[in-house]
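Keep in mind it's a predicted model, so treat the numbers as computed, not measured. Chain A is the first sequence line, chain B the second, and so forth, proteins listed ahead of strands; every chain is numbered from 1.
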Amino acid sequence: MTPATQHALIAAMAETIIAHTDDLTALDLAIGDGDHGLNMRRGFEAVLADIDNLAGQPLPEALKSLGTTLVMKVGGASGPLYGTLFITLAKELPAEPTVTDAAAALDKAIAAVKARGKSEPGQKTMLDVLVPVQQALALGGGNLARRLPAVAEEAARATVPMHAIRGRASFLGARSVGHMDPGACSSAFLVAAACGVLEGACA
Amino acid sequence: MTQNVGIVIVSHSPKVAEGAADMVRQMVGDSVPIAFAGGNPEGGIGTDVGAIMAAIDAAWSQAGVAILVDLGGAETNSEMAIEMMREDQRSRIVICNAPIVEGAVMAATEASGGSDLAKVKAAAEELMAL
């Protein structure tokens, strides 16, 4: 990946989170503690502040630094969860990954997020977006960068009727039904942002 | 320098963390190293992995450190902080499954008698069995 593509990839992910701070916070006010948007923004603002350094490193090193920044700056449970996701991707990805490499690395990263959050798909969390995205990635086929955002968006919407088992929303029990999970939503935003850049880069 | 197990209190609220540490300090004096971390990296409600790591170092004892946490993010961030500590420290840091204030008092009281880390953790967690 060229430094320019990597710069664009990181910028797109950070900017989408920052742009959707209020949306994520509104979702989290409904079923959580209302800090997901602000926490994620704090983390990704720190990432943006370091973007020139991140863009210049080989992809695995950049992902590790990005993940560590999220761990240190987010200040909520989403910090270690997203941090674990990116740090595991960093461990598993080669500097120039193929789609097969990406699917395998995401599979490992999802396993690490499950362990960190003591959670499984179906419990109204970011895993409910990441797992179907990984499955679509593993199946491969054409136009992946265009198809994955739709998979992610549909998966995020599918968390609306779910009953939260993990995270703060689980305190609400049945009252968590009827709202999209904020972590699923932020994951879908990140997938869409990353794919938007990669689609342009691969075209 | 005490070799008693150290106690770290991690709360979403800086005031809760500091207040709980004050309570513990009043009960066990200087016989147990105590540190706390509360608030996100901006000082708002949340938790801060870097601050938790610093608190573990501040309360460090060769006997280890027991951490008391309040809500989910405090636990997840404390687990992350433990993994980011030095390798020789990690196996001597535990998170207690206990209410933060009562657990901290129970753990510190047990620690002040020179009990090992497993006993300190068990003392805090007895509260969950009641």
Side-chain angles (χ1 to χ4, degrees), chain A residues 25 28-29 31-47 49 64-65 67-88 91 112-119 123-126 164-172 176 182-183, chain B residues 8-18 35-58 67-87 89-91 93-100 121 125 128:
Chain A
T25 290
D28 202 29
L29 276 171
I31 61 167
D33 47 10
D35 62 1
H36 188 59
L38 294 170
N39 284 344
M40 291 290 280
R41 183 176 74 188
R42 179 169 45 250
F44 276 100
E45 278 175 348
V47 166
K64 187 178 178 204
S65 301
T68 306
T69 299
L70 295 181
V71 167
M72 301 309 283
K73 297 289 184 190
V74 169
S78 46
L81 292 169
Y82 275 112
T84 298
L85 180 78
F86 284 107
I87 291 168
T88 312
K91 265 186 226 155
V113 171
K114 284 180 185 175
R116 171 76 57 213
K118 304 175 188 83
S119 187
Q123 299 182 338
K124 203 175 176 93
T125 72
M126 61 196 277
I165 307 288
R166 288 296 301 168
R168 194 69 45 81
S170 65
F171 291 10
L172 293 175
S176 67
Chain B
V8 167
I9 294 163
V10 180
S11 171
H12 280 63
S13 156
K15 290 179 182 172
V16 168
E18 187 180 3
F36 60 91
N40 68 28
E42 281 177 349
I45 296 295
T47 47
D48 175 346
V49 172
I52 297 169
M53 294 172 71
I56 294 170
D57 266 329
I67 306 180
L68 279 299
V69 301
D70 55 8
L71 300 169
E75 183 181 16
T76 314
N77 273 315
S78 295
E79 287 169 354
M80 196 83 216
I82 293 170
E83 281 179 33
M84 293 171 78
M85 297 299 290
R86 288 199 321 268
E87 200 174 346
Q89 290 180 300
R90 277 177 234 156
S91 63
I93 309 169
V94 296
I95 298 173
C96 303
N97 178 22
I100 190 161
K121 183 173 191 279
E125 293 181 350
M128 297 299 280

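Atom CD1 of A:I87 sits about 9.0 Å away from atom CD of B:E83, to the nearest 0.5 Å. The distance from the CG atom of B:N40 to the CZ atom of A:R42 is 4.0 Å, given to the nearest 0.5 Å. Separating the OG1 atom in A:T84 from the CD atom in B:E79 is a distance of 9.5 Å, to the nearest 0.5 Å. For the atom pair CG (A:L81) and CG (B:N77), the distance works out to 9.0 Å, reported to the nearest 0.5 Å. Separation of atoms CG (A:L38) and CD1 (B:I45) is listed at 12.5 Å; rounding is to 0.5 Å.
Looking at every heavy atom in both residues, A:A77 comes nearest to B:G73 through CB-CA, 3.8 Å.
Ion pairing of B:E42 with A:K73 is absent here, as no side-chain N (NZ or NE/NH1/NH2) approaches a carboxylate O to less than 4.0 Å.
Between chain A and the options B:P41, B:G39, B:G46, the largest number of non-hydrogen pairs under 4.5 Å is found for B:P41. When each of B:E75, B:M80, B:M53 is checked for heavy-atom pairs under 4.5 Å with chain A, B:M80 comes out on top.
A:T68 touches chain B through its side chain: at least one heavy atom from C-beta onward sits under 4.5 Å away, while N, CA, C and O do not.
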